[in-house]
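For ligands, and for the atoms within them, numbers begin at 1 and follow the listed sequence. Owing to the predicted nature of the structure, the values given are computational and were not obtained by experimental measurement.
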Amino acid sequence: MMTNSMNIKLWFLNLIMLFCMILSMTHGRPINPEFRVKAVNLGGWLVTEGWMKPSLFDAIPNKDFLDGAGLQFKSVTTKKYLCAESGGGTILVANRSSASGWETFRLWRINKETFRFKVFNKQFVGLDGYNVVAVSNSSIDSETFHIVKENDNSTFVRIKASNGYFLQAKTETLVTADISEVRGWKDDDPTVFEMTIAARLQGDFQITNGYGPIKAAQVMKDHWSSFIVEDDFKFIARNGLNAVRIPVGWWIASDPTPPWPYVGGSLHALDNAFSWAKKYGLKIIIDLHAAPGSQNGFQHSSTRDGSQEWGQSDENIQQTVDVISFLTARYTKNPSLYAVELLNEPLSPGVTLETINKYYKAGYDAVRKHSTTTYVVMSNRLGPSEPKELFPLANGLMRSVIDVHYYNIFDDSFENMSAQQNIDFIYNNRSSELNFITTSNGPLTFVGEWVSDWRVKDATKEDFQRFGKAQIEVFGEATFGWSYWAFKNANLHWSLEWMINNGYIKL
Ligand SMILES: *[C@@H]1O[C@H](CO)[C@@H](O)[C@H](O)[C@H]1NC(C)=O
Ligand SMILES: *[C@@H]1O[C@H](CO)[C@@H](O)[C@H](O)[C@H]1NC(C)=O
Ligand SMILES: *[C@@H]1O[C@H](CO)[C@@H](O)[C@H](O)[C@H]1NC(C)=O
Ligand SMILES: *[C@@H]1O[C@H](CO)[C@@H](O)[C@H](O)[C@H]1NC(C)=O
Ligand SMILES: *[C@@H]1O[C@H](CO)[C@@H](O)[C@H](O)[C@H]1NC(C)=O
C-alpha cells in the first residue's frame with residue numbers, strides 16, 4: 001500500500017516535472033515539427049527601397065544629388081573623363097576615354113547644393129594649392145563643392161570649390177581650381193564638363209538626409225503609418241499565409257532618437273505589427289536588414305555611398321548584437337515572435353566567414369538570453385561562398401535556420417531563358433540546391449526571399465501562374481518555410497497582394 005502510493009506520487013511528480021519542462025521549453029507554444037512558414041516580406045516599409053515606392057523621393061529638393069550618387073564628368077575640351085589617378089591617393093586627371101570605377105565620384109550630400117566627392121579608393125577630393133587631389137581619408141578635411149548646371153535640363157555642369165574657384169581640365173594631366181570668372185557654356189571652355197549619373201542609391205540614408213531632419217520625420221511617419229496597415233495583416237491571414245518577415249534597420253533600437261540622419265518612429269510601427277499579428281494569429285520573423293556600416297553596400301542595408309563597412313571592428317559587431325538583444329527582449333512575451341534573423345545578405349568577400357561566424361554565435365547567444373524558443377535565422381553570404389559554410393556553427397545550435405534567397409533575375413545566366421526554362425530551373429536546379437542544404441539533423445532551411453518575376457519578355461498570365469506554382473511547390477520543401485518578396489510594391493509582380501488579388505498566385 002505504502003509503496004504503491006509512493007510510487008504513484010513519484011510517478012505523478014515526474015509527470016508534473018516533465019510537463020513543466022515541456023512548458024518551459026516551448027514557452028507555452030506547441031512544437032509542431034510539420035509546421036512550415038508561409039510568409040510574405042513586409043519589404044519597403046521600415047527599411048526604405050526607392051524602387052518599391054518611388055513617390056517617396058519625389059519631394060526631395062535636388063533629388064538627383066543624393067548620398068552615394070555616382071557622377072562621371074567628361075571634359076568638353078579634352079573629351080576625356082575626369083579620373084582619380086590610381087583610383088585615389090594622388091592627383092585628379094582628365095585623360096580617360098571611358099568611365100568606370102576610377103572615373104566615378106560618389107556624393108556625400110551636405111545640403112541640397114553642397115557636396116563632397118568620394119573616389120574609388122575612398123579618399124575625398126580636395127585641393128593642394130591649385131591642384132585638385134584625392135588624398136584625404138577624412139571627409140572633414142576634404143573640400144566641399146557646388147555643382148552648377150547650365151540649366152535644369154542640361155547635362156553640362158561646372159564644379160565650384162568652396163573658395164569660389166571652378167575646377168578646370170587645363171590639360172589631360174592637369175586639373176586645377178584656379179579660375180573664378182566664367183562665362184557661357186562653350187565647348188572650348190575647360191571649366192565645362194558633361195555629367196552622367198552612373199549610379200543612384202535610394203535607401204534610408206538618402207531619404208532622411210535628402211529631406212533633412214524636420215521634413216524627413218514627417219515623410220517617414222506618413223509612410224510607416226500608411227504603407228502597411230492593420231487591414232494588410234487581416235488580408236495576409238485570410239489568404240493562406242501564416243507569417244510575415246519584417247526587415248528593420250539597426251537605428252530602430254535607438255528609437256525615438258536614432259543617430260543622424262535617421263528619424264524616430266519605426267519602433268512604434270513595429271509595435272503595431274506585433275499587436276496586429278497577435279490579433280490575426282500571424283507569426284513574425286524580425287529581420288535585421290540594415291546593420292551599422294552596411295553589410296553589403298546595397299541601398300537596402302542603408303549604405304551612405306555604396307561602401308560596405310560592417311563587421312570591421314569588435315565594437316561594430318557588439319553594437320549589432322545589442323540591436324538583436326534589444327529586439328528580442330522587447331517582443332519575447334508576444335506570442336507572435338517566431339524568429340529573429342540576425343543579418344540579411346552579408347556579402348562576401350567584404351564580410352569574411354570568420355567575421356560572420358563570430359557575429360552569428362554572439363547574436364544567437366543574445367537571442368537565447370531572452371528566449372529559449374525563438375528560432376534564430378542566419379542568412380547565407382552572397383558572393384563567393386559555400387551553401388553549407390554555416391553548418392559547422394549552426395549544427396551545434398538549437399532551433400537554428402539557414403536562409404537562402406532564390407531569384408531568377410539578378411544573375412545574367414537567366415538573360416535569355418524562356419518561361420519554360422525558368423520553370424524547369426525551379427524543378428531541377430533550385431530543387432537540388434535546396435535539397436543539398438536540407439538535412440535531417442542539420443539546421444532548418446528557409447527560402448526567405450523569392451518572387452514570381454523573371455527576365456522573360458511577353459510572358460503570359462498562365463506562364464506567371466506556372467512559375468509561381470513551381471516555386472511554391474519546390475520551396476515548400478524547405479523545413480522552416482518560405483517568404484515572398486514583397487507584400488506591396490510599385491512593380492506589380494513583386495507585390496504578393498496584387499498577385500493574389502489578380503489571380504496570379506493561389507495559396
Ligand atoms: C589613407 O588611408 C590609406 C589606407 O589606410 C593609407 O595608406 C594612407 O596613408 C592614408 N592617407 C592619409 C593622407 O592619411
Ligand atoms: C526643361 O524641360 C521641361 C520639360 O521638358 C520644360 O518644361 C522646361 O521649359 C525646360 N527648361 C529649360 C530651362 O529648358
Ligand atoms: C593619365 O595621366 C597620368 C598622369 O600623367 C598618367 O600616369 C596616366 O598613365 C595617364 N592615363 C592615360 C590613360 O593616359
Ligand atoms: C543572350 O542573347 C544575346 C543575344 O543573342 C547574347 O549576346 C548574350 O550573350 C546571351 N546571354 C547569355 C547569358 O547567354
Ligand atoms: C541546371 O541543372 C542542369 C542539370 O544538372 C545543368 O546541366 C545546368 O547547367 C543547370 N543550369 C544552370 C543554369 O545552372
Any Lys/Arg nitrogen of Lys74 or Glu194 sitting under 4.0 Å from an Asp/Glu carboxylate oxygen of the other?
no

Between the side chains of Glu150 and Arg158, is the shortest nitrogen-to-carboxylate-oxygen separation below 4.0 Å, so that they form an ion pair?
no

Asn209 and side-chain hydrogen bond (donor to acceptor under 3.5 Å, both in side chains): which partner among Asp67, Asp204, Asn111?
Asp67

Checking the N or O distance criterion of under 3.5 Å, is ligand 1 in contact with Asn137?
yes

In the complex you have, is [atom] within reach of the protein, judged by whether a heavy-atom distance drops under 4.0 Å?
| atom | answer |
| --- | --- |
| atom 7 (O) of ligand 1 | no |
| atom 14 (O) of ligand 1 | yes |
| atom 11 (N) of ligand 4 | yes |

Check whether Tyr359 reaches the backbone of Leu342 with its side chain - one donor and one acceptor, N or O, closer than 3.5 Å.
yes

Could you see which bit of Glu85 sits under 4.0 Å from ligand 3, with heavy atoms only: side chain, backbone, both or neither?
side chain

Measure centre to centre between the rings of Trp450 and Trp482, then say whether the value is under 6.0 Å.
yes

Within 4.0 Å of some non-hydrogen atom of Asn416, the atoms of ligand 4 are 1 (C), 2 (O), 3 (C), 8 (C), 10 (C), 11 (N), 12 (C), 14 (O)

Quick one: which ligand 4 atoms are inside 4.0 Å of a heavy atom on Asp412?
13 (C)

Could you tell me whether some N/O pair between Ser413 and ligand 4 is separated by less than 3.5 angstrom?
no

Test ring-ring contact (aromatic ring centres under 6.0 Å, His included) applied to Tyr407 and Trp494, Phe425, Tyr484, the passing residue:
Trp494

Please write down residue, atom name and distance for the protein heavy atom closest to atom 5 (O) of ligand 3.
Thr173 CG2, 3.4 Å

Nearest heavy atom to atom 2 (O) of ligand 3, choosing from Val93, Thr171, Leu174, Asn95, belongs to Asn95

Ring geometry between Tyr504 and His493 (parallel below 30°, tilted from 30 to 60°, perpendicular above 60°):
tilted

